[in-house]
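Reviewing the structure listed below.
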Amino acid sequence: MAFSRKLRDPLLAKLLGIGAPLLDALRALDLRIRDNEINFYSADKSLLKVSQSALVLHYKYAAGCELAGARKSKGGYLSLPFTEQSVTEVLEHLPSILKNVREHAGVEGPWEEALVRANEHGTPLVVLDRQVRRPGDGDQRRLDLVAVTTDEAPMLVAIELKRGDDNRIQEVPEQLHKYLEMLDPDGEGLSADVADAYRIACTQLKSLGRVGPDPRTLTAGMPVRGLLVLADYNPRSTLLARARECARRLPRPMFLWTTAKRDAPVPIPQDWQPLQ
């Protein structure tokens, strides 16, 4: 399946038309473009998905809300037709929806959200995408973040964020390696289809009033690197040593950055530590 990050003209027009109040009300949330859909994120959760025909949210986030015409679909999601009336209805219940989604955020959710906000504009690295799944991949694993560096020799960066003594730290190199192969199948740089998709996404983000990387920085063949971000890590833990041991068995370049500050931007690549 092709990697796509593009809104077709009818959906783009609808978002800027009857969807404009929704874009405005959710301006504080992170908006990401998918294949003719957009997702709004709160912490590490997709609060709302908008397609040409529907507004979709999980039933847990709609607890206590009376959403007329909502249909329950596979996986416990509620779907409303994308109309002016349903937009108004969602906005009426927005405080409750936001409260509900916050209650279901994972322990890393606030850190992931803060990492996005701290790297949106004018920083050495700017976040481009999040919760990225390989096309056609049936498992539930998703790459936390995709970003691009803003120096004279830009790199695409696949980021996994782990907090504290999360046992999955030792598994991150293998996870990152899978996603590096997705973004750069031959080890010779970013694939042309991903570069094209993200250039379109950056352009369309700006048309929706959101910030994003300069589309011109995203080129086929640009270097692709993996970065493990460790937040509040206990240096006495052995998990990082195990991650390093795993990384040494893998051929793709991967790096490490540790932070104790939730709102700190990722530094320049020269300040990252080699994970291998």
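All of these numbers come straight from a predicted model, not from anything done at the bench.
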Test: ring-ring contact (aromatic ring centres under 6.0 Å, His included). Region: residues 202-223. Which pairs qualify, not counting sequence neighbours? none
Check salt bridge (Lys or Arg N to Asp or Glu O under 4.0 Å) between [X] and all other residues, then give those that pass, not counting sequence neighbours.
X: Arg102; result: Glu113
X: Arg236; result: none
X: Arg168; result: Glu108, Asp166
X: Asp9; result: none

Decide yes or no on side chain to side chain contact (heavy atoms under 4.5 Å, CB included) for Arg252 and Leu250, but give the supporting numbers first. CA-CA 6 Å; Arg252 301 296 181 92; Leu250 300 169; 5.9 Å; no
Residue pair Leu228, Lys162: steps toward the side chain to side chain contact (heavy atoms under 4.5 Å, CB included) verdict: CA-CA 8 Å; Leu228 167 58; Lys162 290 291 178 279; 4.3 Å; yes
What are the two closest non-hydrogen atoms of [X] and [Y], and how far apart are they?
X: Gly189; Y: Asp184; result: O-OD1, 2.7 Å
X: Ile169; Y: Gly164; result: CD1-O, 3.3 Å
X: Val126; Y: Glu120; result: CG1-O, 3.4 Å
X: Pro173; Y: Leu275; result: CG-CD2, 4.1 Å
X: Ala220; Y: Ala195; result: N-CB, 3.6 Å
X: Val148; Y: Pro154; result: CG2-CB, 4.2 Å

Under 3.5 Å, is there a donor-acceptor pair between the side chain of [X] and the main chain of [Y]?
X: Ser4; Y: Ala197; value: no
X: Asn100; Y: Ser96; value: yes
X: Ser42; Y: Val101; value: no
X: Arg248; Y: Ala243; value: no

Roughly how far, to the nearest 0.5 Å, is the [atom2] atom of [Y] from the [atom1] atom of [X]?
X: Leu31; Y: Leu26; atom1: CG; atom2: CG; answer: 8.5 Å
X: Asp232; Y: Thr259; atom1: CG; atom2: OG1; answer: 8.0 Å
X: Ile97; Y: Glu92; atom1: CD1; atom2: CD; answer: 10.5 Å
X: Leu180; Y: Leu143; atom1: CG; atom2: CG; answer: 8.5 Å
X: Leu48; Y: Leu55; atom1: CG; atom2: CG; answer: 5.5 Å
X: Glu181; Y: Leu176; atom1: CD; atom2: CG; answer: 11.5 Å

Find out if a path of hydrophobic residues (ILVMFWY) with successive side-chain heavy-atom gaps under 4.5 Å connects [X] to [Y].
X: Ile200; Y: Leu183; value: no
X: Leu29; Y: Val211; value: no
X: Val87; Y: Leu67; value: yes
X: Leu94; Y: Tyr77; value: no
X: Tyr233; Y: Met254; value: yes

For atom CZ of Arg71, is the number of surrounding heavy atoms from other residues, nucleotides or ligands below 6.0 Å larger than 12? no
SB check Lys99 Glu103 (cutoff 4.0 Å): yes
Return the set of residues passing side-chain hydrogen bond (donor to acceptor under 3.5 Å, both in side chains) with Gln276 (not counting sequence neighbours), or none when no residue passes. none
Those residues at least two apart in sequence (or on a different chain) that pass side-chain hydrogen bond (donor to acceptor under 3.5 Å, both in side chains) with Arg130 are Asp30, Glu112
Any pair counted as side chain to side chain donor-acceptor pair (under 3.5 Å), so long as it reaches [range], sequence neighbours left out:
range: residues 44-62; value: Asn39-Ser46
range: residues 188-211; value: Asp129-Tyr198, Ser191-Asp193, Asp196-Arg199
range: residues 211-224; value: Asp214-Arg216

Considering only heavy atoms from C-beta outward, does the side chain of [X] approach that of [Y] to under 4.5 Å?
X: Leu7; Y: Leu208; answer: yes
X: Pro21; Y: Leu91; answer: yes
X: Pro269; Y: Asp151; answer: yes
X: Leu128; Y: Leu218; answer: yes

Does a donor on one side chain sit under 3.5 Å from an acceptor on the other, for Arg244 and Gln273? yes
Let me know which of Arg142, Arg32, Arg5 forms a side-chain contact (heavy atoms from CB on, under 4.5 Å) with Val132. Arg5
Walk me through whether Val224 and Val194 qualify under side chain to side chain contact (heavy atoms under 4.5 Å, CB included). CA-CA 11 Å; Val224 180; Val194 177; over 6 Å; no
Go through the structure and list residues passing side chain to side chain contact (heavy atoms under 4.5 Å, CB included) with Ile18, not counting sequence neighbours. Lys14, Phe82, Glu84
Taking the hydrophobic residues Ile, Leu, Val, Met, Phe, Trp and Tyr, and joining any pair whose side-chain heavy atoms are under 4.5 Å apart, which ones share a cluster with Val157? Trp111, Leu115, Val116, Leu125, Val127, Leu145, Met155, Ile159, Leu161, Leu227, Val229, Phe255, Trp257, Val266, Trp272
For Leu256 and Leu230: C-alpha separation, side-chain torsions, deciding distance, then whether side chain to side chain contact (heavy atoms under 4.5 Å, CB included) applies. CA-CA 8 Å; Leu256 168 70; Leu230 281 184; 3.9 Å; yes
